[in-house]
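Encoded as structure tokens, the structure appears first; notes follow it.
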Amino acid sequence: MELLKDLFKDCKSYADKDVVLSGWLRNNRAQKEFGFIDLSDGTTFKTVQVVYDCNLANFTEIQHIRCGASICVKGKFVLTPDAKQPFEIHAEEVVLLGDSGEDYPIQPKRHTREFLRELPHLRVRTNLFNAVFRIRSEAAFAIHTFFHEKGFTYVHTPIITSNDGEGAGQLFSVTTASKNPQTDFFGKNVFLTVTGQLHVEPYAMAFRNVYTFGPAFRAENSNTQKHASEFWMIEPEMAFADLNDEMNMVEELVKYIIGYVLKNCPNEMAFFDSFVEKGLIDRLNAVLNSKSFVRITHHDAIDLLKNSGVKFENTPKYGEDLATEHEKYLTSHFNGPVFVYNWPKDIKAFYMRLNDDGETVAASDLLVPESGELVGGSQREERLDVLLNRMNELHMKKETLDWYVDTRRYGGCVHSGFGLGFERLIMFLTGVDNIRDVESYPRTPNNCDF
RNA sequence: GCUAAAUAGCUCAGUUGGUUAGAGCACCUGACUGUUAAUCAGGGGGUCGUAGGUUCGAGUCCUACUUUGGGCGCCA
């Protein structure tokens, strides 16, 4: 049995050969004495046209095979240089393997994403979602390849944790429904992780360069296009690396992934470019070929916003976070990704390294068009006394993080890391503007079906 | 919390409240010798989101609720 991806890869060598294909019917255009089937076999984004005629014994049956049905086709591979498609299959035998009912909801027409969200198990059979999830898979592979080539060690940090996620958002409790934490499964309150960072930092003190790539969970009641309750993050951590090294690594990684999907998924990317976001490929190429991403301090970014002449709903302030409208202004002003670094310490996490001014920390956010904050990173506070002071200021329960502080007690060093939101990356790469459409079965507040 | 919407399986019309609820696609039947979101003719398919209310009369107006989209904050 042949695979469609191989037929497309080397058309000429299959000319006039007999082939066997199996897959799912996308469209069936039956006429009086012949008909055409669009067949997807899952191995490539493209479909193949199968031509069948009334010489086949089950011609009438074939005419009535509906969308979604699985079939097996034996036939001859024929090059068609004058047609829309490079080749087609002239069927000698078409066997219905799995029938599809009259009520199959996916039609050969445009569907709204809202409707398809109700059918996450069927929407992957559409062009859009087939392309999205192939990009998702390829981008994940690109990330592992990138880090592997650089000698990073891939660390699997725990999903269940007793660390109550200092400052990184609301947590989901994990429980066997015991009323008393002491008699519950772990004998204490435990949660789904909101980040792998605290757990991976100690690994950087042993392997030097490490990364995690796994799910994170946040019980925030956020209902936006770029927030989900369950999402995946890539969190590298590098010993003997400062904030500049961190930003360099982010930039190199983002460019590598863009280059990888443009090279390896041309069909999917062309589809997004024509049907999802016109100019997507140009936009990504501009990022890929840019000499360096813009780097601007938080202070200078606020100045820029203040002097922009734009009347923002939220007034930009030196000590405060950037609003979404500010992020959008910055990415469109610089027409591409922007690093904002040296953030006010009071709006950032306790582990970020205090700068000499005593006011800011060595943190950087990468803002991109489409996804907003794609990456959040920082140089970590490696000085034991400064870190403990900061934890005191924030009234943190030091006992539960004593193990983490050990990394500063025993051979601590300058180190940095970041978290890259995988779904936001996919949105950035595809132009799909809702996080619910780049996760297989998205979980958001009030929505955990399937 | 703000805002918009909910009519056939899907996408949508439906006039200042007025007879029997409309189209395209999908499905079924038929026509068609190269279609490619095929085309053409015909057919079946509706508790107009739910519950109240106003009215002689409600898909249409009012109230509440549910669900969905968009926006804001949180962040990745």
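Every chain is numbered from 1, with letters handed out A, B, ... down the list of sequences.
- If you take atom C1' in B:C25 and the same atom in B:A37, they sit 9 Å apart, rounded to whole Å.
- For the residue pair A:Asn447/A:Tyr441, the side-chain donor-acceptor check at 3.5 Å is not satisfied.
- The existence of a salt bridge linking A:Glu138 and A:Arg134 is excluded, since no basic side-chain nitrogen approaches an acidic carboxylate oxygen closer than 4.0 Å.
- In this structure B:C61 sits in a base pair with B:G53, meeting the Watson-Crick or G-U test at under 3.5 Å.
- Salt-bridge check for A:Lys226 with A:Glu373: failed, with every basic side-chain N at 4.0 Å or more from each acidic carboxylate O.
- For the pair A:Glu118 and A:Arg113, the salt-bridge criterion is not met [side-chain N within less than 4.0 Å of a carboxylate O].
- Taking the P atoms as reference points, B:A6 lies 8 Å from B:G49, given to the whole Å.
- Straight-line distance between the C1' atoms of B:G53 and B:G43: roughly 40 Å, to the nearest whole Å.
- The separation of B:A5 from B:G59, taken at their C1' atoms, amounts to 15 Å, rounded to a whole angstrom.
- Rounded to the nearest 0.5 Å, atoms CD1 (A:Ile159) and CZ (A:Phe217) are 5.5 Å apart.
- Between the side chain of A:Arg66 and the base of B:C28, no donor-acceptor pair under 3.5 Å is found.
- Among the atoms of the strands shown, none is found under 4.0 Å from any heavy atom of A:Glu235.
- Within the structure, every side-chain polar atom (N or O) of A:Asn434 is placed at least 4.0 Å from both OP1 and OP2 of B:G69.
- B:U16 is unpaired under the Watson-Crick or G-U wobble criterion, no partner having all donor-acceptor distances under 3.5 Å.
- A salt bridge between A:Lys17 and A:Glu2 is absent, with no side-chain N of the basic residue lying under 4.0 Å from a carboxylate O of the acidic one.
- Atom pair A:Gln107:CD and B:G24:P shows a separation of 14 Å (rounding to whole Å applied).
- Residue A:Asn221 is in base contact, counting any heavy-atom pair closer than 4.0 Å across all strands shown.
- Residues A:Glu92 and A:Lys76 are not paired through a salt bridge, judged by the lack of any N-O separation under 4.0 Å between the basic side chain and the carboxylate.
- Searching all strands for a Watson-Crick or G-U wobble partner of B:U67 with both distances below 3.5 Å returns B:A5.
- Comparing B:C62 with B:A26, their C1' atoms sit 37 Å apart, to the nearest whole Å.
- In this structure, A:Leu374 reaches the sugar-phosphate backbone alone: every heavy-atom distance under 4.0 Å involves primed, P, OP1 or OP2 atoms, never a base.
- With both ends at atom P, the span from B:U68 to B:U11 equals 15 Å, rounded to whole Å.
- Atom CD1 of A:Ile65 and atom C1' of B:C27 are 16 Å apart (whole Å).
- We find the CD-CG distance between A:Glu246 and A:Leu366 to be 9.5 Å, quoted to the nearest 0.5 Å.
- Ion pairing between a basic and an acidic side chain is recognised when a charged N comes within 4.0 Å of a carboxylate O; A:Asp38 and A:Arg29 show such pairing.
- Residues A:Arg117 and A:Glu373 each lie close to RNA chain B; by heavy-atom proximity, the contact nearer the 5' end of the strand is made by A:Arg117.
- Remark: the A:Ser222 side chain and the B:C75 base include no donor-acceptor N/O pair separated by less than 3.5 Å.
- Residue A:Arg436 has its side chain nearest to B:G69 when only B:G69, B:C28, B:A37 are considered.
- Judged by distance alone, with hydrogens and angles left aside, the side-chain atoms of A:Arg443 form a donor-acceptor pair with the main-chain N or O of A:Asp449 at under 3.5 Å.
- Among the heavy atoms of the strands, none lies under 4.0 Å from A:Pro105.
- Base-pair partner of B:G42: B:C28 (Watson-Crick or G-U wobble, both distances under 3.5 Å).
- No contact: A:Ala216 has no heavy atom under 4.0 Å from any strand.
- Summarising the geometry, the separation between NZ on A:Lys84 and P on B:A37 is reported as 5 Å, rounded to the nearest angstrom.
- Comparing B:C48 with B:A58, their C1' atoms are spaced 11 Å from each other, to the whole Å.
- Across the protein-nucleic acid pair, A:Leu198 atom CG and B:A76 atom P stand 12 Å apart, rounded to whole Å.
- A close approach under 4.0 Å does not occur between any side-chain nitrogen or oxygen of A:His64 and OP1 or OP2 of B:C27.
- Note: CG (A:Asn447) to P (B:U66) measures 16 Å, nearest angstrom.
- Neither OP1 nor OP2 of B:G73 sits under 4.0 Å from any side-chain N or O of A:Asn223.
- Within 3.5 Å, a donor on the side chain of A:His227 pairs with an acceptor on the base of B:C75, or the reverse.
- Residue A:Thr224 places no side-chain N or O under 4.0 Å from the OP1 or OP2 atom of B:G73.
- Computed from coordinates, the A:Leu128 CG to B:A37 C1' distance equals 16 Å when rounded to whole Å.
- Comparing the P positions of B:U60 and B:U50 gives an interatomic distance of 11 Å, to the nearest angstrom.
- For A:Lys109, counting side-chain heavy atoms from C-beta on, the closest listed nucleotide (B:A26, B:C27, B:C25) is B:C25.
- Rounded to whole angstrom, the span from the NE2 atom of A:His111 across to the C1' atom of B:C10 amounts to 6 Å.
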Just the table, please: protein N/O against nucleotides 32-35 of chain B N/O, every pair under 3.5 Å.
from  : atom 1 : to      : atom 2 : distance (Å)
B:C32 : OP1    : A:Lys32 : NZ     : 3.1
B:C32 : OP2    : A:Lys32 : NZ     : 3.1
B:C32 : N4     : A:Lys32 : N      : 3.3
B:G34 : N1     : A:Glu88 : OE2    : 2.8
B:G34 : N2     : A:Gln49 : NE2    : 3.4
B:G34 : N2     : A:Glu88 : OE1    : 2.7
B:G34 : N2     : A:Glu88 : OE2    : 3.0
B:U35 : O4'    : A:Gln31 : NE2    : 3.2
B:U35 : O2     : A:Arg29 : NE     : 2.8
B:U35 : O2     : A:Arg29 : NH2    : 3.1
B:U35 : O2     : A:Gln49 : OE1    : 3.4
B:U35 : N3     : A:Gln49 : OE1    : 2.9
B:U35 : N3     : A:Gln49 : NE2    : 2.8
B:U35 : O4     : A:Gln49 : NE2    : 2.6

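- Residue A:Lys226 contributes atom NZ, which lies 11 Å from atom P of B:C75 at whole-angstrom precision.
- The shortest distance between the side-chain N/O atoms of A:Arg424 and the OP1/OP2 oxygens of B:C75 is not below 4.0 Å.
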